[in-house]
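Letters go in sequence order (proteins before strands), and every chain restarts at 1.
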Number of protein chains: 2
Amino acid sequence: MITERLAGRAARAGELITRRLGGLSGLSGPDLELIQGAARRLESSPAGAELPGQRILVSGWACRRRTLTDGARQIFSFLLPGDPCEGRRRGVATVAALTAVETADAAGLFQGAEDSLMQPGLAEAFAAIREEEERLLLDHIVRLGRMTAYERMAHLLLELRERLARVGLADEQRLPMPLTQETLADALGLSIVHVNRTVQQLRRDGLIELRSGLAVLNDPEALAELCGYESLRAPRRASPAAGVEAASRAAAPLS
Amino acid sequence: MITERLAGRAARAGELITRRLGGLSGLSGPDLELIQGAARRLESSPAGAELPGQRILVSGWACRRRTLTDGARQIFSFLLPGDPCEGRRRGVATVAALTAVETADAAGLFQGAEDSLMQPGLAEAFAAIREEEERLLLDHIVRLGRMTAYERMAHLLLELRERLARVGLADEQRLPMPLTQETLADALGLSIVHVNRTVQQLRRDGLIELRSGLAVLNDPEALAELCGYESLRAPRRASPAAGVEAASRAAAPLS
DNA sequence: CGTGATCTTGATGCTCATCAAGGCTAGTGG
DNA sequence: CCACTAGCCTTGATGAGCATCAAGATCACG
């Protein structure tokens, strides 16, 4: 009974990791075996726990964040099922579970990815993940630096929906939403009160619904339009204006 | 005459790169030869030019930034002499010169760094640079998410001073400051006008002087205190409060 | 000496933080 | 079964921080 449940969990974990990594590159037989090995070594952590490194999240949500000296917190990124979570240097960022989570021991996978000759598929997948992690950090900087609260919230919801959909955890409009408004505030650089008001404005505008644990994006395209959201998949084109400007500046006299 | 000046520039470029990379790991003879090779292949770009990838900046300032559809710009990071600048995917970030710059062809260095057995020193140095780049992005997120304009400005000036001092371009209090207030605004997520008022407030408070091309931090410690600046070198300790909180949350009942 | 880039200043109002309080829900213990 | 509690969401009032608009000053440079 218990073993059966364990086996079921491992199978689901393996599927999830395969979906995440396989979406980025072709995986070989040995790659899949490494994944199955990781999926058999699961560990659970309660909400609030600090997560160890060298693991892959297979269920639940986590985040990377920093706590400032005055007690304020800033969340750098959300970690979703399928994402690797490396424990970072203390003081730079800590990885914390936001819900109860399960993680798989990914030491073997990380090691395999080091060897791009033996495990080219794994190496490529993790390289793509690294690159995307940086992309997400840059997107977050744009959210904080150049968007209003309303835009930030729309942009974050669209990002989370897209990332969750990739591993089969969201559809075109609906996504699980286990985050408290306090957590959203810590991520978006806002106060709790203002997050609440922003969410309600989005609700009143008919753009989202947000009930216990579930978010519904009623009109994803309108949301994307209002905040300038760009899909993670489709590479963005340079805007013509930016190209012209760069050219004219490049033609400026040398110093 | 001309060759002599070129040789002098190459020598200074080699010294700069050596100082930057050597500060992070021990460099071997072959490492140094690769550096000298890069320093001989210099290229100049005017302010405003978009920079090619696979290069190392040896003089002048650049930045990584994105231009939004409404024309607003967000600067992600400043690139200073000694920093590698990789051309990124269009739309995610572009690398642009903020002053006239010189770059060295670092293809050989990057390639050497790939081989951690043959060139352990180089590999270690570039790994450290990557890690620090991420640290700087996280610091930038904290600036934008949780600091006032006054704090952001102080924090950025302290960061720039420290990075420049490392390659011999700043002392304890003084650093070159070629950035316009518009550029500072694009980095700090503020309007030009507010950057101006913030700078003046810092001046009136006796904390900084800012004349054409030079910034003086009259009291770096007071600046660091007011914005919670943490040196890039000294690893930060976790605050005791954060530890206690994590422990108590971890002890919460399982879901 | 004119021209464009940069810096500066004032006036006005929106965005968002803060303070304070009340409501809702789920879990807890009497 | 019903207070009781704790966490989370919600609402109102007030003000600080910052954006925006508009205009002038200063500087660098051809």
Please confirm whether the shortest side-chain N or O distance from [X] to OP1 or OP2 of [N] is below 4.0 Å.
X	N	result
A:Gln200	D:dC9	no
B:Gln181	C:dA5	no
B:Asn196	C:dC7	no

May I ask you to verify whether the side chain of B:Arg197 and the base of D:dG17 hold a donor-acceptor pair under 3.5 Å?
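No pair found.
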
Atom pair distance, as rounded to whole Å: [atom1] in [X] and [atom2] in [N]:
X	N	atom1	atom2	result
B:Glu151	D:dG17	CD	C1'	12 Å
B:Gln201	D:dC18	CD	P	12 Å
A:Arg211	C:dT25	CZ	P	15 Å
A:Leu98	D:dC8	CG	C1'	15 Å
B:Leu179	C:dT6	CG	P	12 Å
A:His194	D:dG15	NE2	P	19 Å
A:Met153	C:dC16	CE	P	11 Å
B:Ile192	C:dA5	CD1	P	12 Å

Under the 3.5 angstrom rule, does the side chain of A:His155 hit a backbone N or O of A:Leu223 as a donor-acceptor pair?
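Judged by distance alone, no pair lies under 3.5 Å.
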
Looking at A:Glu159, is its backbone amide N or carbonyl O close enough to the side chain of A:Glu162 to form a donor-acceptor pair, meaning the two atoms are under 3.5 Å apart?
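No; zero donor-acceptor contacts below 3.5 Å.
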
Pick base, sugar-phosphate or nothing for [X], based on heavy-atom distances below 4.0 Å to the nucleic acid.
X	result
A:Thr180	sugar-phosphate
B:Arg203	sugar-phosphate
A:Leu190	sugar-phosphate

As a test of reading the structure: which of D:dC8, D:dC21, C:dC16 is closest to the side chain of A:Glu182, going by heavy atoms?
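Given the options D:dC8, D:dC21, C:dC16, the side chain of A:Glu182 is closest to D:dC8.
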
Passes side-chain contact (heavy atoms from CB on, under 4.5 Å), B:Leu137 versus A:Leu138? Steps please.
CA-CA 8 Å; B:Leu137 284 183; A:Leu138 300 188; 4.0 Å; yes

Separation between OG of B:Ser77 and CG of B:Leu136, rounded to the nearest 0.5 Å:
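Answer rounded to 0.5 Å: 7.5 Å.
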
With nearest nucleotide decided by heavy atoms, which residue, B:Arg146 or B:Val193, maps closer to the 5′ end of DNA chain C?
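It is B:Val193 whose nearest nucleotide is closer to the 5' end.
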
Salt bridge or not between A:Glu134 and B:Arg64? Use side-chain N to carboxylate O under 4.0 Å.
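Salt bridge flag = yes for B:Arg64 with A:Glu134.
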
